[in-house]
Amino acid sequence: MSSKLYVGNLPYSVTDDSLRSNFSEYGAVASAKVMTDRETGRSKGFGFVEMGTEAEAQSAIDGLNGQSVDGRSIVVNVSRPKEAGSTGGGYRSGAGRY
DNA sequence: GCTGAGCGG
């Protein structure tokens, strides 16, 4: 399931609805969650968006990754990318596959 | 009405 997208470097103006709207353009958004600080109530600057399918997720990445939003380049990538190579250390094989 | 780590629960 690589339909989970990690969105980082987001402006504090972005909210769950904003992410959903932005990702909704590229596909069906299963769930959009912006990590807003519970204590201060401000956005942490990153969020998570889960698409219906991986294709839509990749489409959203290809469309929103590295794009300038609010004058800042946002980062859109699959949640917890699997770094191929090294054995052990990091994430275990299973989730994360292009 | 601001600032800035980046993978939530």
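Residue numbers begin at 1 in each chain, while the letters A, B, ... track the order of the sequences.
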Chemist: Please report, rounded to the nearest Å, how far the C1' atom of B/dC7 is from the CG atom of A/L10.
Modeler: 12 Å

Chemist: Using whole Å, report how far CG of A/L5 lies from P of B/dC7.
Modeler: 16 Å

Chemist: Starting at atom CD1 of A/I74, determine the distance to atom P of B/dA5, rounded to an integer number of angstrom.
Modeler: 18 Å

Chemist: Measure from the side-chain heavy atoms of A/Y12 and tell me the nearest of B/dG4, B/dC2, B/dG8.
Modeler: B/dG4

Chemist: Between A/G45 and A/M35, which has a closest nucleotide on DNA chain B that is more 5'?
Modeler: A/G45

Chemist: Can you measure from CZ (A/R42) to CG (A/D37) and round to the nearest 0.5 angstrom?
Modeler: 9.5 Å

Chemist: Can you tell me whether the base of B/dG4 sits syn or anti, using the 90° cut around 0 to define syn?
Modeler: anti

Chemist: For the side chain of A/R72 and the base of B/dG4, is some donor closer than 3.5 Å to an acceptor across the two?
Modeler: yes

Chemist: In whole angstrom, what separates A/L19's CG from B/dC7's P?
Modeler: 16 Å

Chemist: Tell me which of A/G8 and A/T36 sits closer to the 5' end of DNA chain B, going by the nucleotide each one is nearest to.
Modeler: A/G8

Chemist: Atom NZ of A/K44 to atom C1' of B/dA5: distance rounded to whole Å?
Modeler: 10 Å

Chemist: Under 3.5 Å, is there a donor-acceptor pair between the A/S3 and A/E54 side chains?
Modeler: no

Chemist: Whole angstrom is fine here: how far is it from CG in A/D16 over to C1' in B/dG8?
Modeler: 12 Å

Chemist: Let me have the donor-acceptor pairs involving side chains of residues 19-28 of chain A, under 3.5 Å, with sequence neighbours excluded, atom names and distances please.
Modeler:
from  : atom 1 : to    : atom 2 : distance (Å)
A/S21 : OG     : A/D17 : O      : 2.8
A/N22 : ND2    : A/S18 : O      : 2.5
A/Y26 : OH     : A/G63 : O      : 3.4

Chemist: Can you tell me the distance, in whole Å, between the CZ atom of A/R42 and the P atom of B/dG8?
Modeler: 22 Å

Chemist: For the pair A/F48 and A/K4, evaluate side chain to side chain contact (heavy atoms under 4.5 Å, CB included) and give the outcome as yes or no after the intermediate values.
Modeler: CA-CA 7 Å; A/F48 293 89; A/K4 286 177 299 203; 6.0 Å; no

Chemist: In Å and rounded to the nearest 0.5 Å, what is the CG to CG distance from A/L64 to A/L5?
Modeler: 9.0 Å

Chemist: Could you give the OH-to-C1' distance, from A/Y6 to B/dC7, as a whole number of Å?
Modeler: 6 Å

Chemist: Do A/F46 and the base of B/dG6 stack face to face, with centres under 5.5 Å apart and an angle between planes under 30°?
Modeler: no

